[in-house]
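One structure is given here, and the rest of the page talks about it.
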Amino acid sequence: MIRLENVSYTYPFQNQKALESVSFELRPGEAVLFTGLSGCGKSTLVRIINGLTPHYYKGELTGKVFVNKIDNASREIHEIAGDVGTLFQDPEHQFFALNVDDELAFAHECRGVDPSEISATVLKMVKRFSLKKVIQSRIFDLSEGEKQKVALASIISLKPKVIILDEPSANLDPEATEELALILAELKQEEIAIVIVDHRLYWLSRLIDKVYVLKDGRIAESGPYSILKEDAIRTKYGLRKTKIASSKIKLPDALETKKPGFKVDDMSFSYNRNGQALFENVSLRLPFGEVIAIVGGNGVGKTTLAKLLTGLLKMSSGNIFLDHRIIPPKTLLKKSSIVLQNMDHQLYMKTVCAELDVAARFLFKSEREKIAKELLHNFSLDELAARHPQSLSGGQKQRLVIACGLIKNPDILILDEPTSGLDGMNMKTMSKMMKEFAGQGKCVLVITHDLELIAEACSYQIRLPLRRFSGSQFTVHG
């Protein structure tokens with residue numbers, strides 16, 4: 001179904017090869033995993049299989065790429081897309097419609113399918129992906145996890161022979177991740193070939209037929225899923241853990257702490273004036289010196305809460321206090337930094353260095369340059385300082401926007417899924433950074449589904465939808 005023969009690729013204006021001498025074969029009904037450190041060539045491999053490279057990204061490609069026994073070099077992108085469906089790490093890049101129902105129908109309408117058949121297909125996808133509650137919603141009102149489910153449903157509705165998923169678990173809660181694994185297992189039974197690029201490994205044990213570990217654009221290790229259970233392999237290549245349980249580590253509820261910090265009093269908020277309140281008369285305490293996990297299923301309001309706490313959204317009622325004084329939204333914006341899940345919305349300069357420079361524009365130049373240099377080193381971005389931010393991998397972009405949030409030295413730092421595109425090594429770097437920053441007397445909130453990160457870094461939690469509870473327990477095993 002897919003065959004790569006000694007494939008190497010170099011991006012335009014770059015000297016170093018992004019992929020070198022890569023060969024592998026994937027048959028119908030098989031699933032393979034590509035993993036490795038951020039920037040090792042995984043996303044480039046995706047682009048080579050689906051034809052974006054070199055048809056769109058240009059550059060120099062050597063070797064042969066066959067999909068459905070046809071050489072990609074002999075076909076246009078739209079022809080390759082008839083066989084290959086791709087779920088990108090950021091699903092917003094592949095939407096064409098404004099509403100969920102229109103998006104699910106769009107590609108079929110472009111192909112001239114009978115309306116009654118389109119309706120039947122849409123209903124089937126709604127049921128398969130549990131999209132009933134959002135089918136009439138605007139796409140850009142959905143959570144990132146919900147957007148991902150809509151994008152995958154659109155792809156599967158077209159019945160491709162190959163499906164590529166780039167970091168598919170990054171934005172999903174544990175329940176939705178398990179649901180995704182079951183759906184992919186069904187697709188394997190339908191003889192669909194599956195390529196998965198992911199850092200999170202625990203959900204793939206029953207799904208993957210073969211694993212390829214990439215390093216510096218080459219296949220460094222390959223074998224059955226069981227090779228990932230070897231501590232030596234995971235340590236050598238900076239990989240995530242392979243098993244997650246939930247019985248030992250208990251996180252106390254931040255709502256019940258008496259520690260000093262920011263206080264939220266009687267907060268209410270609704271997106272629509274006459275609509276149902278997402279938050280109603282909510283009171284919170286956000287202690288200084290702690291890393292607090294904001295957890296809950298997709299679409300329960302985690303990102304909305306973050307925007308309210310940083311002044312990006314205005315409360316319908318309620319106030320935020322510091323030292324018994326009300327903090328107005330404009331002041332709150334100055335005291336806080338928020339790193340959103342969609343990195344592209346926060347990167348707009350021409351170089352990595354320029355992004356940090358503009359984020360710290362209120363500092364003296366000498367101080368700005370010193371702190372920027374330290375952050376570039378701490379986040380392994382030194383050699384990328386002159387690169388255009390949009391040329392970076394997803395994990396590299398993520399580390400950059402977090403560095404931009406830190407350089408402001410805020411009192412409240414909120415990170416929305418900060419490890420969604422990060423390998424094991426950089427996840428631990430992120431955990432260390434959050435704990436050190438909180439140790440400076442700051443308040444660090446992390447919106448996350450990443451159980452490894454919760455176990456590694458967090459000392460308190462706030463669970464949405466908000467209610468009083470005894471706490472949750474998480475344990476992560478190797």
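Nothing fancy with the numbering, it's 1 onward along the sequence.
The closest side-chain donor-acceptor pair between Lys397 and Gln390 falls under 3.5 angstrom. Residues Ser169 and Asp198 bring a donor and an acceptor atom of their side chains to less than 3.5 Å of each other. Using a 3.5 Å distance cut-off with no hydrogens or angles, the side chains of Thr304 and Tyr271 do pair a donor with an acceptor. If you check the side chains of His55 and Glu76, you find no donor sitting under 3.5 Å from an acceptor. Checked by atom type, the side-chain pair Tyr11/Thr44 shows a donor-acceptor distance below 3.5 Å. One side chain, Asn50 or Thr86, offers a donor N or O that lies under 3.5 Å from an acceptor on the other. In this model, no donor atom of one side chain and acceptor atom of the other lie less than 3.5 Å apart for His388 and Thr351. Side-chain contact annotation: Ser459 with Glu290, donor-acceptor N/O pair under 3.5 Å present. A donor atom on one side chain and an acceptor atom on the other are found under 3.5 Å apart for Asp344 and His93.
The 12-atom threshold is not exceeded at NZ of Lys428, counting heavy atoms of other residues, nucleotides or ligands nearer than 6.0 Å. Other residues, nucleotides and ligands contribute only 12 or fewer heavy atoms inside 6.0 Å of the CD atom of Glu60. Environment of CZ in Phe364: sparse, with no more than 12 heavy atoms of neighbouring residues, nucleotides or ligands closer than 6.0 Å. In Lys435, the NZ atom is crowded: over 12 heavy atoms of neighbouring residues, nucleotides or ligands sit closer than 6.0 Å.
Side-chain contact between Leu19 and Ser8 is absent, with no heavy atoms from C-beta onward closer than 4.5 Å. The shortest distance between side-chain heavy atoms of Leu131 and Met125 does not fall below 4.5 Å. Between Phe66 and Asn72 there is no side-chain heavy-atom pair separated by less than 4.5 Å. In this structure, the side chains of Ile447 and Pro418 stay at 4.5 Å or more apart for every pair of heavy atoms. A heavy-atom distance below 4.5 Å is found between the side chains of Leu184 and Leu165.
At distances below 3.5 Å, not a single donor-acceptor pair connects side-chain atoms of Glu355 with backbone N or O atoms of Cys404. Remark: the backbone N or O of Asp101 is not paired with any side-chain donor or acceptor of Asn99 at under 3.5 angstrom. Between the side chain of Thr429 and the main chain of Met425, a donor-acceptor pair closer than 3.5 Å is present. Lys408 places a side-chain N or O within 3.5 Å of a backbone atom of Ser336 that can act as its donor or acceptor partner. In this structure, Arg387 contributes its side chain and Leu384 its backbone to no donor-acceptor pair below 3.5 Å. Not a single donor-acceptor pair under 3.5 Å links the side chain of Lys442 to the backbone N or O of Phe437. Checking side-chain atoms of Tyr225 against main-chain N and O of Leu201 turns up a donor-acceptor pair under 3.5 Å. Lys147 contributes no side-chain N or O that, together with a main-chain N or O of Ile139, makes up a donor-acceptor pair within less than 3.5 Å. A distance-only check finds a donor-acceptor pair linking the side chain of Thr310 to the backbone of Ala306 [under 3.5 Å]. With hydrogens and angles disregarded, a donor-acceptor distance shorter than 3.5 Å links the side chain of Arg234 to the backbone of Leu228.
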Exercise for review: Would you check, one step at a time, whether the test salt bridge (Lys or Arg N to Asp or Glu O under 4.0 Å) holds for Lys307 with Asp416?
Suggested key: CA-CA 10 Å; Lys307 291 179 179 179; Asp416 194 348; over 6 Å; no

Review point. Between Arg111 and Glu109, does a salt bridge (Lys or Arg N to Asp or Glu O under 4.0 Å) hold up when you go through it step by step?
Key: CA-CA 5 Å; Arg111 294 182 177 189; Glu109 291 172 343; over 6 Å; no

Point to revise | Phe24/Phe34 under ring-ring contact (aromatic ring centres under 6.0 Å, His included): CA gap, chis, key distance, verdict | key: CA-CA 11 Å; Phe24 81 95; Phe34 287 90; 5.0 Å; yes

Practice item. Decide yes or no on salt bridge (Lys or Arg N to Asp or Glu O under 4.0 Å) for Glu30 and Lys210, but give the supporting numbers first. Key: CA-CA 8 Å; Glu30 291 183 340; Lys210 192 167 185 179; over 6 Å; no

Check your understanding: Could you go step by step and tell me if Leu152 and Arg128 meet the side chain to side chain contact (heavy atoms under 4.5 Å, CB included) rule?
Key -> CA-CA 11 Å; Leu152 183 57; Arg128 189 169 196 174; over 6 Å; no

**Study point:** Trace of the salt bridge (Lys or Arg N to Asp or Glu O under 4.0 Å) decision for Lys188 with Asp209
**Key:** CA-CA 11 Å; Lys188 287 182 65 176; Asp209 297 294; 3.0 Å; yes

Exercise for review: Take Ile412 and Ile414 through the side chain to side chain contact (heavy atoms under 4.5 Å, CB included) test and state the conclusion after the steps.
Suggested key: CA-CA 6 Å; Ile412 301 179; Ile414 302 183; 3.8 Å; yes

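Atom OH of residue Tyr212 and atom CD of residue Glu221 lie 13.0 Å apart, to the nearest 0.5 angstrom. Note: Ser21 OG to Leu4 CG = 11.5 Å, rounded to the nearest 0.5 Å. Going from atom CD1 of Ile163 over to atom CG of Asp83 covers 12.0 Å, rounded to the nearest 0.5 Å. Between the CG atom of Leu309 and the CZ atom of Phe262 there is a distance of 9.5 Å, given to the nearest 0.5 Å. Atom CG of Asn68 and atom CE of Met1 lie 5.0 Å apart (nearest 0.5 Å). Tyr9 contributes atom OH, which lies 15.0 Å from atom CD of Glu20 (distance to the nearest 0.5 angstrom).
The aromatic ring centroids of Phe96 and Phe106 lie less than 6.0 Å from each other.
Under the side-chain contact (heavy atoms from CB on, under 4.5 Å) test applied with Gln461, the options Thr448, Val446, Val295 reduce to a single match, Val295. The only option from Arg200, His199, Arg240, Lys241 that meets the side chain to side chain donor-acceptor pair (under 3.5 Å) definition with Glu452 turns out to be Arg240. Screening Glu167, Gln89, Gln398 for a side chain to side chain donor-acceptor pair (under 3.5 Å) involving Ser420 leaves a single residue, Gln398.
Listed here is the closest heavy atom pair of Phe88 and Gln94: N-OE1, 2.9 Å. In terms of heavy-atom proximity, Leu422 sits nearest to Asn426 at CD1-O, 3.9 Å. Closest of all the heavy-atom pairs between Gln396 and Ser38 is N-OG, 3.5 Å. The two atoms that bring Val22 and Gly217 nearest to each other are CG2-O, 3.5 Å, heavy atoms only. Smallest separation of non-hydrogen atoms from Leu207 and Ala181: CD1-O, 4.0 Å. The two residues Ser222 and Ile227 have their closest heavy-atom pair at C-CD1, 3.9 Å.
Between Lys365 and Glu367 there is no salt bridge, since none of the side-chain N atoms of the basic residue sits less than 4.0 Å from a carboxylate O of the acidic one.
Because its NZ or CZ atom is not both nearer than 6.0 Å to the ring centre of Phe379 and within 45° of the ring axis, Arg399 does not count as a cation-pi partner of that residue.
For Lys302, there are no side chain to side chain donor-acceptor pair (under 3.5 Å) partners two or more places apart in sequence or in a different chain.
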